[in-house]
Amino acid sequence: MQRLTMILVLAAWFAFAPAPLQARERVAFDLDVPAGTIVVRASERALYLDLGDGTAIRYRVAVPRADKMWTGWRRIDGKHVAPAWTPPPDVRRDMPHLPDLIPGGHPSNPMGAAALTLDDGLTAIHGTTRTMRASIGSAASYGCIRMRDEDVLDLMRRVRVGTPVVMVR
């Protein structure tokens with residue numbers, strides 16, 4: 001009975017927990033990039049989708065940790081809903097206990113609800129698990145950009161394969 005009560009309390013907390021302040025908002029944006037470009041400002045822990053009218057949609061994100069940080073240009077080369085995940089070699093080396101494959105939709109799949117893969121073949125802009133959601137706003141990943149599931153789904157609807165992505169410090 002005590003376990004059931006705890007589960008119900010946690011379920012209620014997750015259902016009614018407030019979203020982080022300014023999780024997704026339209027903001028003034030003046031970086032000189034083509035309209036539709038995704039700009040990740042690592043120092044701000046923010047991803048911007050340039051709307052081409054002097055504004056952008058800003059999303060709070062987790063960026064790569066210092067030893068995995070990258071800068072420069074990429075392009076979106078795939079859009080995937082509930083993707084399966086295979087740990088890349090550096091993750092496997094650090095966490096050998098992980099399974100070889102985590103199916104899409106599984107609660108422990110770090111890709112979350114969706115992923116926009118980048119053309120370097122290593123990184124993605126993706127959702128996250130409930131436990132990893134707390135990393136939003138930090139430098140925590142192995143190279144990917146983590147978003148709240150609802151935000152990556154929103155972004156996915158707004159961009160196409162081929163959309164440019166630039167990471168700046």
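FYI, the numbering just counts along the sequence from 1. Only heavy atoms go into these numbers, but all of them, side chains included; no hydrogens, no water, no symmetry mates.
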Completion exercise
For residues 155-169, the side chain to side chain donor-acceptor pair (under 3.5 Å) pairs (sequence neighbours left out) are D154-R158
Salt bridge flag under 4.0 Å for residues [X] and [Y]:
{"X": "D151", "Y": "R60", "value": "no"}
{"X": "R133", "Y": "D149", "value": "no"}
{"X": "R74", "Y": "D120", "value": "yes"}

Problem - R41 side chain vs A46 backbone, donor-acceptor pair below 3.5 Å - result: no
Straight-line distance of [X] [atom1] to [Y] [atom2], nearest 0.5 Å:
{"X": "T129", "Y": "N109", "atom1": "OG1", "atom2": "CG", "result": "9.0 Å"}
{"X": "C144", "Y": "L118", "atom1": "SG", "atom2": "CG", "result": "7.5 Å"}
{"X": "T128", "Y": "I145", "atom1": "OG1", "atom2": "CD1", "result": "12.5 Å"}
{"X": "S141", "Y": "K68", "atom1": "OG", "atom2": "NZ", "result": "10.0 Å"}
{"X": "W85", "Y": "H106", "atom1": "CH2", "atom2": "NE2", "result": "12.5 Å"}
{"X": "T37", "Y": "L51", "atom1": "OG1", "atom2": "CG", "result": "11.0 Å"}

Closest non-hydrogen atom pair, [X] against [Y]:
{"X": "P110", "Y": "M132", "result": "CB-SD, 4.0 Å"}
{"X": "I76", "Y": "L116", "result": "CD1-CD1, 4.1 Å"}
{"X": "M167", "Y": "A42", "result": "SD-CB, 4.1 Å"}
{"X": "M156", "Y": "A115", "result": "CE-O, 3.7 Å"}
{"X": "A113", "Y": "P83", "result": "O-CD, 4.3 Å"}
{"X": "A139", "Y": "P64", "result": "CB-O, 3.5 Å"}

Does one hydrophobic cluster hold both [X] and [Y], with members joined at side-chain heavy-atom distances below 4.5 Å?
{"X": "V63", "Y": "L49", "result": "yes"}
{"X": "V81", "Y": "V161", "result": "no"}
{"X": "I125", "Y": "W70", "result": "yes"}
{"X": "L47", "Y": "V165", "result": "yes"}
{"X": "V91", "Y": "I102", "result": "yes"}

Practice task
Check whether the side chains of S135 and R146 place a donor and an acceptor atom closer than 3.5 Å, and report yes or no.
Solution key: yes
Problem - Side-chain H-bond candidate by donor/acceptor type, T117 with D77, under 3.5 Å - result: yes
Exercise for the section: Please determine if R65 forms a cation-pi arrangement with Y142, meaning its NZ or CZ atom is less than 6.0 Å from the six-membered ring centre and no more than 45° off the ring axis. Expected result: yes
Practice task
Check whether NZ of the Lys or CZ of the Arg R58 lies under 6.0 Å from the centre of the six-membered ring of F29 and within 45 degrees of that ring's axis.
Solution key: no
Practice task
Answer yes or no: is there a side-chain heavy-atom contact under 4.5 Å between D50 and V39?
Solution key: no
Completion exercise
Contacts of D53 meeting side chain to side chain donor-acceptor pair (under 3.5 Å) (sequence neighbours excluded), chain-then-number -> R26, T55
